[in-house]
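Let me begin by presenting the structure, written as structure tokens, before commenting on it.
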Amino acid sequence: MGDNVIILAGGQGKRMKTDKPKVLCEVLGIPMLRWVINSCEDAGLENLCIVKGFGAEILDEYLGGKYETVMQHERLGTGHAVMQAVDFLKKNEDSHTLILCGDAPFIDDYTIKEALELHKSEGNAVTVVTTQLSNPAGYGRIIRSENGISGIVEQKDATPEQLMICEINSGCYWFETKALLGVLSKLTPNNAQGEYYLTDCISLLIDEGRRAGAYLSDNPIIALGANDRRGLLKLNELARISVIDGHLDNGVEFTCLDGVIISPEVEIEGGATILPGVILRGKTKIAKGCVIGPNCIIEDTVVGENSVLNNVQAYEAEVEKNVKIGPFVQLRPNSKVLEGAKIGDFVEIKNSVIGKGTAVSHLTYIGDSDVGANVNFGCGVATANYDGENKFRTVVEDHAFIGCNTNLVAPVKIGKSAYTAAGSTITGDVPDGALAIERGKTSIKDNYATKKLKKRIEKFEKK
Ligand code: UD1
Ligand code: CA
């Protein structure tokens, strides 16, 4: 079954001023709790139990039943939170248990695994992951002893001398599961905050003759959490720069980082260029040679080699290689733009395929359509795909030429190499190679305008 993990996620985070549990506040668009879960899973730990409290319904909805949870009805401290998971621990007693805070997102799989190694090699009952902070305010201070550590003192309970200690408790621990179960019920709330401190387990275990150790991490960010929006913004900035650093190492070009936000799961090949104002989210992939930006939001979208996206928003779309898109284009879900196509300004594409080398250059809406190769859309084409009740598809076959300001009223099919005259509203299928005109003939009334405009022109010329 492997080792156990308990993630403490009951806190409200009053100072965040949100109705949701604090652990769902996001860093780079990903809830803090998800960062912590991902690190556990990366470390090969899958037997998770999440302690919920404030906003439990919202947390349950987010987790979607994928993880075991226990409810802490009153927030009486970190020790009390772990007590709620006793039944979970008893199911797998002959193991070790990792305890983590759901609001410290940067704990990583390396630290988790290295701390467990040390924990086992030293035969500890508990191993605390610690780090040195230049400003340790607010954290529990580590009291070192000749043989490991003798305890953790919370800020509010510390003496002036203890407050000078810079080695702090990250809130991440490995416990021998049986040893933890043995002391949990002995915790008391006799301290400055009247809480059941999980950290008191350390002295209780030492009293039983067991050893407590510390794994000192040289990476202080593992301990960082956020108590308010300002703190959350700092976490976002740290994560943002660290993600971009990784891409720089891989040869991605950035000229200025203003407004550039890249989620951790995004993949970018070396040789791509990311310009200012670019937000890349979800499972987006950008291939080499692409130039993305300025000012794009690209979410869950794959972009092929050497494509250029300028001022584009794309959601769940696919763009092949050598495509040019923008400025001011939106690709809505399930849009696929094939190799060498060109999508110009003020164009929206939804649930459609745009074929190889096709040009949709200006002011056009293409929805629910299958467009072939080398098609040309004039300016201002609209597919009328929705009658208020149902949606219908439009088919435009290879080499067709759609005149400016054409309405294509779906369901409709424009045949291969067919042509629609500018300003037409096409309601029926057009055969291959044909021209379709659906508009009135021009009728001329000689000199009508000259008379009508006479006064107006004279007035202008007098000025
Ligand atoms: C705790 C540690 C402190 C450590 C710090 C690291 C104790 C007594 N102190 O302090 O030594 O330096 O974390 O961040 O453990 N939670 C619950 N239920 C509760 C209380 C807390 O689920 O009743 C959860 C919170 O949601 C949070 C985590 O436990 O995710 C830590 O709680 P928090 O109140 O932030 O602990 P600190 O006082 O910061
Ligand atoms: Ca805290």
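Whatever order the structure lists them in is the order used to number ligands and atoms, beginning at 1. Here the structure is a predicted model, which is why all the values come from computation and not from measurement.
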Check for me whether [X] has a heavy atom closer than 4.0 Å to any atom of ligand 1.
{"X": "Q72", "value": "yes"}
{"X": "G13", "value": "no"}
{"X": "G225", "value": "no"}
{"X": "A104", "value": "no"}

As an exercise, identify every atom of ligand 1 less than 4.0 angstrom from a heavy atom of [X].
{"X": "A81", "answer": "17 (C), 18 (N), 22 (O)"}
{"X": "R75", "answer": "18 (N), 19 (C), 23 (O)"}
{"X": "Y197", "answer": "8 (C)"}
{"X": "S170", "answer": "6 (C)"}
{"X": "G102", "answer": "30 (O)"}
{"X": "G140", "answer": "3 (C), 4 (C), 11 (O), 12 (O)"}

Worksheet item: Between atom CZ of F54 and atom OG1 of T18, what is the distance when rounded to the nearest 0.5 Å?
Response: 7.5 Å
Fill in: Nearest-0.5 Å distance, CZ of residue R230 to CG of residue L235
13.5 Å
So, regarding [X] and ligand 1 (criterion: nitrogen or oxygen to nitrogen or oxygen, under 3.5 Å), is there a contact or not?
{"X": "G11", "result": "yes"}
{"X": "V51", "result": "no"}
{"X": "Y139", "result": "no"}
{"X": "T199", "result": "no"}
{"X": "T78", "result": "yes"}
{"X": "G171", "result": "no"}

Side-chain donor-acceptor pairs under 3.5 Å in residues 285-299, sequence neighbours left out?
unit_1 : atom_1 : unit_2 : atom_2 : d
E299   : OE1    : R281   : NH1    : 2.7

Discussion item. For A9, which part has a heavy atom under 4.0 Å from ligand 1: side chain, backbone, both, or neither?
Written reply: backbone
Worksheet item: Looking only at heavy atoms, is any part of E195 under 4.0 Å from ligand 1, and if so is it the side chain, the backbone, or both, or is it neither?
Response: neither
Only distances under 3.5 Å count here; give the side-chain donor-acceptor pairs of residues 251-259 to other protein atoms, sequence neighbours excluded, each with its distance to 0.1 Å.
none

For [X], is the [atom1] atom crowded, meaning more than 12 foreign heavy atoms sit under 6.0 Å from it?
{"X": "D387", "atom1": "CG", "answer": "yes"}
{"X": "E61", "atom1": "CD", "answer": "no"}
{"X": "K321", "atom1": "NZ", "answer": "no"}

Flag the pair [X] and [Y] as a salt bridge only when some basic side-chain nitrogen lies within less than 4.0 angstrom of an acidic carboxylate oxygen.
{"X": "K186", "Y": "E208", "value": "yes"}
{"X": "E237", "Y": "K234", "value": "no"}
{"X": "R141", "Y": "E167", "value": "no"}

Worksheet entry | I152, N169, D103, L100: member with heavy atom nearest to atom 12 (O) of ligand 1 | N169
Discussion item. Given I7, L76, L8, identify the one with the heavy atom nearest to atom 16 (N) of ligand 1.
Written reply: L8
Discussion item. When you compare the side chain of K52 with that of D60, does any pair of heavy atoms fall below 4.5 Å?
Written reply: yes
Discussion item. Just so I know, are the side chains of P21 and I58 near enough to count as touching, which here means a heavy-atom distance under 4.5 Å?
Written reply: yes
